2 protein chains.
Amino acid sequence: MTIRDVARVAGVSYQTVSRVINGHASVADATRRRVEDAIDSLGFRPNRAARELAGKAARSLTVLTSDTSLYGAASTLRGIEEAARTACFAVAVTVLDRHAVPDRDELRTRLARPGEPVVVIAFDAPGVHALRLLPADTPVVAAIERPSDGEAVSTRSQAWLDDRIAAARATRHLLGLGHRTVHYLALPSSTAQVAQRTLGWLDGLRAAGAPEPPEVEGGWTPRTGYLAARELVANPSVTAVLCGNDDVAAGVMRAAREAGRHIPGDLSVAGFDDVPLAAFLAPALTTVRLDFEGLGRTCFGLLHRLLDPSAPAPDPCDEPALVVRESTGPRRGTSG
Amino acid sequence: MTIRDVARVAGVSYQTVSRVINGHASVADATRRRVEDAIDSLGFRPNRAARELAGKAARSLTVLTSDTSLYGAASTLRGIEEAARTACFAVAVTVLDRHAVPDRDELRTRLARPGEPVVVIAFDAPGVHALRLLPADTPVVAAIERPSDGEAVSTRSQAWLDDRIAAARATRHLLGLGHRTVHYLALPSSTAQVAQRTLGWLDGLRAAGAPEPPEVEGGWTPRTGYLAARELVANPSVTAVLCGNDDVAAGVMRAAREAGRHIPGDLSVAGFDDVPLAAFLAPALTTVRLDFEGLGRTCFGLLHRLLDPSAPAPDPCDEPALVVRESTGPRRGTSG
DNA sequence: AGCAGGTGAGTGACCGGTCACATGCGCTCC
DNA sequence: GGAGCGCATGTGACCGGTCACTCACCTGCT
């Protein structure tokens, strides 16, 4: 089933069929109609590989992401896919192993061709690592935690959510409720540098002249939050905990409950992301909503412009928005 | 950068390069090494489009899924991707609009070529619809809620989790705790037929001779569960609610709390899926764990065998497993 | 009438691989 | 020592499209 078959049925040359398919001008209306009928009746679909090989722009991209079961990555992927779909780009996905260093050769095999455009969701270490391993001739946009400063990576296009402001807002909210300070249960860092959220948290503390407790290193899942928090919640001087994401916050809340600490009476807990379940936890979780889908759309938009400078500029993402619910409240703790 | 360039550098013909790339036998070791060196030094990567066009099996597939922010779909996708990756298949993703009927032509455009293999995650109506619209020459495997009986769809390969047994188990568990009956807050049905989970629930009720309250039609999100449950929880004779998924269950629990009904004292709530947060809700949610990743792996395996009968048979999925936590308990309600 | 210019359609080469087949060489074996 | 064979390698055609070019024909102008 090729354009030649269609051409035969329509009684024209294969080139004319190609013209019709690509909406080229200078095809007589009658001819065009005849070709379209032939296409319909044969159920013809052009072969992407052939078209691509012959030099037509590929209109496809590959997303490199780690664990899509995490809300942030999954939502970003959705944003990318949605934007790509409206621009008629095909989206391929490769999931990176969360615990393994990505392999350069394997990574390259996943790319359809030299020059295949890539979006890397690089919120964690494997993603950042993969970003570095990509061949230099690859157009790539990275969704990252923070803009790099002067790293080699900075030659690449990047997009990010303003984690620093997000963390600062949450911290300010908690301090505004009267807490002496805010403890921070961080996500594993994606780079050797200090994470933006950590900086934002410190911004908030410093602006209020609050003490700066050491950051607690955690994981991505509720379980890691739960484990890391058991120590924290046993300390009565801890009255406000900011968590790296909502899942972790749920784990912290459970640890608090088990330690007999009431939320928000004895302990305020806040998260990041605003996952769909956040409003339905008990108590409903105060969190910072992050526009991951917008980030995904932005990433695609940047990539699109990289390939075709006449493509429209992507819409900006929503600013991080604090969503105050029930899990944070005035300090009423047992001690200071 | 083509095999011809590599050939020139290695001092062999392009065909020999092709042989080396494809691990063909009958290439002298010395030659092979020379070619490999040339490939490495040039950073050569074969062009997938060219290879595919020239008749090599494509080793790619497209996943059609609706909203990947739902745990079931996201996990199934992950399973597919993982299995595909180990078999060196590229995975393209197209997300279907949850609220729109998929368009036949648009769907076909998303397929790379006639004959592109497809996995449809058809848990909901758009997925089931998309399945029907796929061209007949497309190898397709569907992850569905239930095996079709005698429908046109049945000519396709299918995989499913045993929702009926899952629902029956949860229902039996609740009845075993002394509840007169179990109310069921269902997911939107994907077909016109009675859902498997509904049947399993009825199985459980009938085996115990329990009354059969009408099924309540709900949605997929916590919010829909919350809204649908407000009426249900106001009725004191309702002491056990089985929910279509964990998100919905979280919504129901919130509605119950607001109605002053204690869980599990006044009301037992159970869900489906066992999302990562389920164990960290308050109270921790009793649910039926469903092996979505296994389902995804199975789907890929079936598709692989469809394309290549000598491919290994996929491992079976885990059986649905009831995970009893805190949200279900003995009936102790105010009335009967 | 003669010619420039535009329109609709066709021809051949090519993209980067693969396949089927041809070839050259060294070996065994009668 | 030549036939027969297997191994290593090279040659030409082809996959299904696109591009650059050519060509036939019609129109309108001088």
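Just so we're on the same page: letters track the sequence lines, and every chain starts at 1. Remember, it's a predicted structure, so these values are computed and weren't measured experimentally.
Shown here for B:D163 and B:L290, the closest heavy-atom pair between the two residues is OD1-CD1, 4.1 Å.
No donor-acceptor distance shorter than 3.5 angstrom exists from the side chain of A:N22 to the backbone of A:H24, with no hydrogens or angles considered.
With sequence neighbours left out, A:R85 forms a salt bridge (Lys or Arg N to Asp or Glu O under 4.0 Å) with A:E81. With sequence neighbours left out, A:D318 forms a side-chain contact (heavy atoms from CB on, under 4.5 Å) with A:D291.
Judged purely by distance below 3.5 Å, without hydrogens or angles, the side chains of B:E116 and B:S60 pair a donor atom with an acceptor atom. Side chains of B:E293 and B:S75: no donor on one and acceptor on the other come within 3.5 Å. Residues A:R78 and B:T68 have side chains that never bring a donor and an acceptor to within less than 3.5 angstrom of each other.
Residues from residues 36-61 of chain B placing a heavy atom under 4.0 Å of any atom in DNA chain D, listed by number, are B:L53, B:A54. DNA chain C lies under 4.0 Å from at least one heavy atom of each of the following residues of residues 15-27 of chain B: B:Q15, B:S18, B:N22.
Side-chain contact check for B:I121 versus B:I144: every heavy-atom pair is 4.5 Å or farther apart.
As judged by a 4.0 angstrom heavy-atom cut-off over every strand, A:R113 is placed among residues making no nucleic acid contact.
The pair A:D5-A:R8 counts as a salt bridge, with a side-chain nitrogen and a carboxylate oxygen less than 4.0 angstrom apart. By the 4.0 Å N-to-carboxylate-O rule, A:D315 lies too far from A:R297 to be salt-bridged with it.
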Q. Stepwise, does the side chain to side chain contact (heavy atoms under 4.5 Å, CB included) test hold for A:L107 with A:L96?
A. CA-CA 9 Å; A:L107 220 54; A:L96 303 167; 3.9 Å; yes
Q: Please lay out, stage by stage, how A:R34 and A:D37 fare under the test salt bridge (Lys or Arg N to Asp or Glu O under 4.0 Å).
A: CA-CA 5 Å; A:R34 226 158 2 114; A:D37 286 353; over 6 Å; no
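The rotation axes computed at either terminus of the helix from C:dA1-D:dT30 to C:dC30-D:dG1 lie 50° apart, taking five pairs at each end and rounding to 10 degrees.
Bracketed by its first and final contacts, the part of DNA chain C lying under 4.0 Å from non-hydrogen atoms of chain A reaches from C:dG8 to C:dG16 in 5' to 3' order.
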